[in-house]
Enquirer: 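Dumping the structure here so I can ask a few things about it.
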Amino acid sequence: MEKVITLRSQPDARDGSYRINYPQLLNPAQLEAVTHREGPLLVVAGAGSGKTRTLIYRVARLIEGRVPPQAILLLTFTRRAAQEMLRRAEQLVGEPSRAVAGGTFHSFGNIVLRRWGAAIGLPPNFTILDRSDMEDVINLIRTRMGLASRERRFPKKGTLAEIISMARNKARALEQELEEDYGYLWDNRAEILTLARAYDQYKRERGLLDYDDLLERSVELMEHHPDIRRRLSNTYRFIMVDEYQDTNAIQARMVQLLAAEHHNVMAVGDDAQSIYSFRGANFRNIMDFPKLFPDTKIIKLEENYRSLQGILDLSNQVISRAAERYTKALFTRRMGNVRPLLIKAEDERMQSRFVCQKILELREQGVELDQIAVLFRSSFHSFDLELELQRCDIPFIKRGGFKFIETAHIKDALAHLRVIANPTDAVSWLRVLLLLKGVGQRKAQQLIEVLVASPEPARELAAMAASGKSGMEGLERLAGLLGALRAQGMRPGAQLGAVLEYYLPLMRDAYPDDYPKRERDLEHFQTIAERYRSLQSMLADMALEPPNDSIDDVLAVEPDEGLVTLSTIHSAKGLEWKVVFLIWAADGRFPAPQSADPESLEEERRLMYVAGTRARDELYISYPIHMFDRNMGYVMGRVSRFLEDLGPEILPAARLEEES
């Protein structure tokens, strides 16, 4: 007779024998998500609602429930996020959490292809191309095709890499990507398509994979080899995905294939924070998750641990008007009755002065500068504010986009004005002359020696052009421009307008890849120039903070005082501050003028929601009543359509006035 050995029962999801007191540490919605065991789950996590905490405790709960840690897969968008979550999970359940597979989609794809890639013809020692490597290969092919000459206006390697990558992330044909998002490059489509095919062939012949290949080839492997797909799916029986609203078409397909055998997917995200379509993220992924995984359970995290209720009321109102969304209403237990405030300024200058004045007041009240942020839709919206902050000796750091005077096209335009103010400015002359066809460094230096020694540089240029011996195109136009700029009584706004009329065609040649964006920057630069009466005073303001100097060198501040953050809203996602200013909340600026189609408009609405929910205690939203338009002059501004018709109980308003 066989001996019977009785095993003690182990704690699992059924008997409730857990070391961690989950009900005490989590709110009811978080607890419901954490204790979910089998089947697809979508956690719609509102801003500031503790989604990361929910993921960490779910990992801990599964391990305590005797799920083998190596059967858990945690997919994130940054390696740092995965490491931080697993570090915190280890604090809860100890060493077993180290066996959890956690990382980015790309790092997971790399692991899969190293082991199984031979099935689709990949050598196990394939080389991964980073973005810089990718651009170098594209440039090599571009040169071989004779498309790299200065005489030919053809996209640069960075732009070509972006177009190819974007089409793949959106899982659509390259020609469609060109037509819809890069229409200004449509005339080059035949060469771009040929180059893309050559790039793909180059990689396959040499065992090279770029970042997009790590996703695409992993999906290809699982689609064409069901046995490998089943093996992977049975290995990773509990899959969790962070920031699911930011996944692209390939990543969503990857998750679907990995979960094919069990459908145990927990996707955590917020449809209201889907704002990265320009990177290939697909809003439809989170909306269609229940269709992709039938019988999906949906849990909403609505308790906010960040903001006061007034800020949440405004954010709830903004997103409640979305055409398509998961219905939820953020609430908080934090005490405080402060409401967001809508500030109406006469013009952009007054808007900037208000922000600076309020920041100085907050500093006097004891608010640290690093607890204050100014957010904006587009990088160029902060140009005027940057000048005002410098004038008020308020130190700042900018996230997303370059600082105003660091952009090449702004430097180009300024250089034409600087040689008028100071004809011996050799650095500005060099920048102006190198824009001309047929002028290189050596030729430019020869011309500069003559020009800085001449009492009338414009006439000197005109004489060179008239002689016909220079061999340089555009010399006559440049001479004509400089002559016109010296007209008596010409205001800086008019001078810059003349420069832009001359410069814009040159800019399209110099920067063929992204000139539409640069044009918007220059239009805003003219808005700033219009308020000046003197060219010298405008140039002095532009030079207050030289690009090569650090803020601490320029501004007399204590380093431990901190820095005010200036940031595009896209770069601010996931961050928070005690006080937030949202500037340029004017229709035509936010939403951006190019957001005409319904999908783009809805993403702009979500962007407004993200901006508001960055604030913990105070939120100030401002816009100028009088806005300068390069074609129409000054026009009346109105508040963003996302904020109009909100009652004073949600968004009280105030109008700025000059002190008597």
Enquirer: Using side-chain contact (heavy atoms from CB on, under 4.5 Å) as the criterion, list what pairs up with Ser315, not counting sequence neighbours.
Expert: Ile311, Tyr609, Thr613
Enquirer: Please report whether the ring centroid of His409 lies less than 6.0 Å from that of Phe525.
Expert: no
Enquirer: Should Glu576 and Arg616 count as an ion pair when the cut-off is N to O under 4.0 Å?
Expert: yes
Enquirer: Can you tell whether the side chains of Arg491 and Glu530 come within less than 4.0 Å, N to carboxylate O?
Expert: no
Enquirer: For Glu388, give me all partners under side chain to side chain donor-acceptor pair (under 3.5 Å), at least two apart in sequence or on another chain.
Expert: Arg349, Arg391
Enquirer: Any sub-3.5 Å donor-acceptor pair from Thr332's side-chain atoms to Asn304's backbone N or O?
Expert: yes
Enquirer: Could you pull out all residues at least two apart from Tyr305 that satisfy side chain to side chain donor-acceptor pair (under 3.5 Å)?
Expert: Asn27
Enquirer: Under the side chain to side chain donor-acceptor pair (under 3.5 Å) rule, collect the residues that match up with Thr104, sequence neighbours excluded.
Expert: Ser107
Enquirer: Taking only Lys NZ, Arg NE, NH1 and NH2, and the carboxylate oxygens of Asp or Glu, determine whether Arg606 and Asp271 approach each other closer than 4.0 Å.
Expert: no
Enquirer: Could you tell me whether Asp246 and Arg279 make a salt bridge, using a distance below 4.0 angstrom between a side-chain N and a carboxylate O?
Expert: no
Enquirer: Mind checking what makes side-chain contact (heavy atoms from CB on, under 4.5 Å) contact with Arg88, not counting sequence neighbours?
Expert: Thr52, Ile56, Glu84, Gln91
Enquirer: Check whether any side-chain N or O of Arg431 sits under 3.5 Å from a backbone N or O of Ala408 as a donor-acceptor pair, and report yes or no.
Expert: yes
Enquirer: Sequence neighbours excluded, which residues qualify as ring-ring contact (aromatic ring centres under 6.0 Å, His included) partners of Tyr503?
Expert: none
Enquirer: Would you call the rings of Phe77 and Phe105 parallel, tilted or perpendicular if under 30° counts as parallel and over 60° as perpendicular?
Expert: tilted
Enquirer: Holding to side-chain contact (heavy atoms from CB on, under 4.5 Å), I want the full list of residues that pass it with Glu361, two or more places apart in sequence or in another chain.
Expert: Gln357, Lys358, Gln365
Enquirer: Does the Gln317 side chain pair with the main chain of Ile650, one donor and one acceptor, at a distance under 3.5 Å?
Expert: no
Enquirer: Should the pair Glu604-Arg641 be classified as a salt bridge under the 4.0 Å nitrogen-to-oxygen rule?
Expert: no
Enquirer: In chain order, what residues pass the salt bridge (Lys or Arg N to Asp or Glu O under 4.0 Å) check against Arg325, with sequence neighbours excluded?
Expert: none
Enquirer: Examine distances only and state if a side-chain atom of Gln30 and a backbone atom of Thr54 form a donor-acceptor pair shorter than 3.5 Å.
Expert: no
Enquirer: Is the number of heavy atoms from other residues, nucleotides or ligands within 6.0 Å of CG (Asp130) greater than 12?
Expert: yes
Enquirer: In plain terms, say whether Lys170 and Asp181 are close enough for a salt bridge, that is, a side-chain N and a carboxylate O under 4.0 Å apart.
Expert: yes
Enquirer: Could you work out, with side-chain contact (heavy atoms from CB on, under 4.5 Å) as the rule, every residue matching Leu360, not counting sequence neighbours?
Expert: Arg363, Ile394
Enquirer: Under a 4.0 Å threshold between the charged nitrogen and the carboxylate oxygen, would Glu658 count as salt-bridged to Arg353?
Expert: yes
Enquirer: Tell me whether the rings of His570 and Phe278 are parallel (<30°), tilted (30 to 60°) or perpendicular (>60°).
Expert: perpendicular
Enquirer: Do Lys573 and Glu243 sit within salt-bridge range, that is, some charged N less than 4.0 Å from a carboxylate O?
Expert: yes
Enquirer: With sequence neighbours excluded, tell me which residues meet salt bridge (Lys or Arg N to Asp or Glu O under 4.0 Å) with Glu618.
Expert: none
Enquirer: For the pair Ser382 (side chain) and Leu385 (backbone), establish whether a donor and an acceptor sit closer than 3.5 Å, ignoring hydrogens and angles.
Expert: no
Enquirer: Can you name the residues that form a salt bridge (Lys or Arg N to Asp or Glu O under 4.0 Å) with Asp617, not counting sequence neighbours?
Expert: Arg334, Lys578
Enquirer: What verdict does the side chain to side chain donor-acceptor pair (under 3.5 Å) test give for Ser49 and Lys300, after you've listed the backbone C-alpha separation in whole Å, the side-chain angles of each residue and the deciding distance to 0.1 Å?
Expert: CA-CA 9 Å; Ser49 62; Lys300 298 170 186 174; over 6 Å; no
Enquirer: Please list, chain by chain and in numerical order, all residues satisfying side chain to side chain donor-acceptor pair (under 3.5 Å) with Gln495, sequence neighbours excluded.
Expert: none
Enquirer: Quick one: do Glu649 and Arg339 make a salt bridge, cutoff under 4.0 Å?
Expert: no
